[in-house]
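Since the model is a prediction, treat every value here as computed from it, not as a measurement. FYI, side chains are in, hydrogens and waters are out, and symmetry mates aren't considered; it's all heavy atoms of this structure.
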Amino acid sequence: MRKIAIITDTASDLSVADIEKYRLKMLHYQIVYKEHTYKDQLEIHSKEVLDKLEIEIPSTSLPSLDEMHQVFNEIQAEGYKEVLVVTLSSGLSGCFNAVNMVKDEFPNLKTVVFDSKTISAPQGYLAIQAARLADKGCSMDEMIKQLEVIREKQHTFFIVDTLKYLVHGGRIGHVSGTVGKLLNLKPIITIADDGKYDTIAKVRGRAKAIRYIAEEANKVMSSGRQYEIYFSHANGQEIKDEIIKEIRVLHPNIEVEGDTWISPVACVHCGPGYVGMLIQEV
């Protein structure tokens, strides 16, 4: 048994297979409809959320305190003495702060909450690397240092096919959203150093958005270093495939290491046609 337990949350967009493979503990965000609240990934799937969006746009909330207590109790019962929690960026969610409060109720566990300062595939990558480091027998201090280095080598880009859901969730202003819809603008988004969304460009039309994000990928990979590419999407396979096709014009041998749907909670805020790309220097 590894000495350090690893927890992450469903904003990491990790598959069930990866969660089991790397023996991760998971905290589930909540999808709140008028008639019922669902646990992210456990009780509702991404496609179900997308299919219902035209009928009702739900709200979302943090993993419950009950679940946090349950996970810490399980870890304690399994005999662990140390815990590393890799959370969604504190700049995007209160999960980081909530876990920091709950951990104090378990003084027998040495718990460190690591702010991923990111979301989706980059967060999932960090959680998997934490598990791998724990399996190697690294100390907590060693793991944190290495995760910080990995985080600095992440280049993240997102595109959304519609601004409707970002507007509804308060991620962009209603005026900007209306103008964007009229002009068919597609924002190109990254995660800034403070762990918050940063719009780096607004281009008109899907084709230009695909070309822009591929050009940004090519700029990153022009250094000659070794990179891996990971994708996450919400029914955005066609857009993702076009991005890969554009990238392979200059990098014909690049392989996609990971390709997954985003979690239901992310679907609420991004809507159909979202595509996220992680370029990870290795």
Side-chain angles (χ1 to χ4, degrees), residues 1-31 38-51 60 63 67-68 70-72 74-75 78 80 83-89 93 95 99 114 116 118-138 143 146-147 150-151 154 156 158 227-241 243-244 254-270 272 274-280 282:
M1 185 180 80
R2 64 170 65 132
K3 294 183 179 179
I4 302 174
I6 311 297
I7 304 173
T8 190
D9 57 59
T10 51
S12 62
D13 295 339
L14 288 171
S15 67
V16 173
D18 278 338
I19 293 166
E20 293 176 352
K21 178 180 178 180
Y22 295 103
R23 292 174 288 143
L24 302 169
K25 299 289 187 180
M26 190 63 63
L27 299 175
H28 301 84
Y29 287 87
Q30 299 179 87
I31 317 295
Y38 298 89
K39 280 190 176 182
D40 194 27
Q41 291 186 339
L42 279 183
E43 300 172 344
I44 192 167
H45 298 292
S46 301
K47 193 171 186 308
E48 291 179 83
V49 170
L50 293 183
D51 290 344
T60 61
E67 184 181 49
M68 292 184 192
Q70 178 185 339
V71 170
F72 275 96
E74 286 177 3
I75 287 171
E78 289 168 5
Y80 287 99
V83 185
L84 176 62
V85 190
V86 181
T87 68
L88 167 62
S89 174
S93 165
C95 190
V99 176
F114 182 79
S116 74
T118 190
I119 189 174
S120 194
Q123 179 190 346
Y125 186 89
L126 288 166
I128 287 174
Q129 297 312 307
R132 287 174 170 168
L133 291 168
D135 286 338
K136 290 179 181 178
C138 291
M143 290 171 64
Q146 292 202 46
L147 290 177
I150 292 168
R151 187 175 61 192
Q154 293 185 327
T156 306
F158 308 107
Y227 295 94
E228 294 177 348
I229 293 185
Y230 297 81
F231 281 92
S232 57
H233 66 89
N235 206 21
Q237 295 96 324
E238 182 181 336
I239 298 170
K240 176 206 67 180
D241 289 344
I243 293 171
I244 295 169
I254 195 72
E255 294 295 330
V256 176
E257 302 294 332
D259 178 3
T260 185
W261 271 67
I262 57 175
S263 64
V265 70
C267 286
V268 172
H269 298 294
C270 299
Y274 157 93
V275 176
M277 178 176 66
L278 164 65
I279 304 174
Q280 178 72 55
V282 295

Side chain to side chain, Ile262 and Cys267, heavy atoms closer than 4.5 Å
yes
Just one of Val85, Leu126, Thr87 clears the side-chain contact (heavy atoms from CB on, under 4.5 Å) bar with Phe114, so which one?
Leu126
Does the pair Glu257 and Ile229 meet the rule for a side-chain contact (heavy atoms from CB on, under 4.5 Å), with working shown?
CA-CA 6 Å; Glu257 302 294 332; Ile229 293 185; over 6 Å; no
Look up atom NE2 in His233 and atom CG in Asn235, then write down how far apart they are to the nearest 0.5 Å.
7.5 Å
Please list, chain by chain and in numerical order, all residues satisfying salt bridge (charged side-chain N to carboxylate O under 4.0 Å, His left out) with Lys25, sequence neighbours excluded.
Glu74, Glu78
Could you pull out all residues at least two apart from Ser46 that satisfy side chain to side chain donor-acceptor pair (under 3.5 Å)?
none
Decide yes or no for Asp18 and Ile128: does some side-chain heavy atom of the first lie under 4.5 Å from some side-chain heavy atom of the second?
yes
Sequence-distant partners of Ala121, side chain to side chain contact (heavy atoms under 4.5 Å, CB included), two or more places apart
Tyr230, Leu278
Is the shortest side-chain heavy-atom distance between Asp259 and Lys240 below 4.5 Å?
yes
Distance-only polar pair, side chains of Asp13 and Ser120, donor-acceptor under 3.5 Å:
yes
Side chain proximity check, Ile243 to Met277, heavy atoms < 4.5 angstrom:
yes
Within the 4.5 Å heavy-atom criterion, are Gln30 and Pro63 side-chain neighbours or not?
no
Nearest 0.5 Å please: distance from the CD1 atom of Ile4 over to the CE atom of Met143.
4.5 Å
Please examine the side chains of Val256 and Ile244, heavy atoms only from C-beta on, and report whether any two atoms are closer than 4.5 Å.
yes
By side chain to side chain donor-acceptor pair (under 3.5 Å), Glu67 pairs with (sequence neighbours left out) His28
Least distance between heavy atoms, Val86 atom then Ala130 atom:
CG2-CB, 4.4 Å
Do the side chain of Glu43 and the main chain of Lys39 share a donor and acceptor less than 3.5 angstrom apart?
yes
Go through the steps to decide whether Leu147 and Leu84 satisfy the test side-chain contact (heavy atoms from CB on, under 4.5 Å), and finish with yes or no.
CA-CA 11 Å; Leu147 290 177; Leu84 176 62; 3.7 Å; yes
Phe72 and Val99: side-chain contact (heavy atoms from CB on, under 4.5 Å), yes or no, with the steps?
CA-CA 10 Å; Phe72 275 96; Val99 176; 4.2 Å; yes
Establish, from distance only, whether the side-chain atoms of Glu228 and Gln280 form a donor-acceptor pair under 3.5 Å.
no
List for me each residue that meets ring pair (Phe, Tyr, Trp, His ring centres under 6.0 Å) alongside Phe158, sequence neighbours excluded, and say none if there are none.
Tyr274
Side-chain heavy-atom pair Phe231, Ile239 within 4.5 angstrom cut-off
no
To the nearest 0.5 Å, what is the distance between CD1 on Ile75 and CD1 on Ile6?
9.0 Å
Residue pairs passing the side chain to side chain donor-acceptor pair (under 3.5 Å) test where at least one lies in residues 122-136, sequence neighbours excluded:
Arg2-Asp135, Thr8-Gln123, Asp9-Gln123, Tyr22-Arg132, Arg23-Asp135
Please check if any side-chain donor atom of Ser116 sits under 3.5 Å from a side-chain acceptor atom of Ser89, or the reverse.
no
If you round to the nearest 0.5 Å, how far is CD1 of Ile31 from OG1 of Thr60?
6.5 Å
Please find the pair of heavy atoms, one from Ala5 and one from Tyr80, that lie closest to each other, and give the distance.
N-CD2, 3.5 Å
Rounded at 0.5 Å granularity, tell me how far CG in Leu88 sits from CD1 in Ile119.
5.0 Å
Just so I know, are the side chains of Val49 and Lys47 near enough to count as touching, which here means a heavy-atom distance under 4.5 Å?
no
Distance check, rounded to the nearest 0.5 Å: Gln41 atom CD versus His45 atom NE2?
9.5 Å
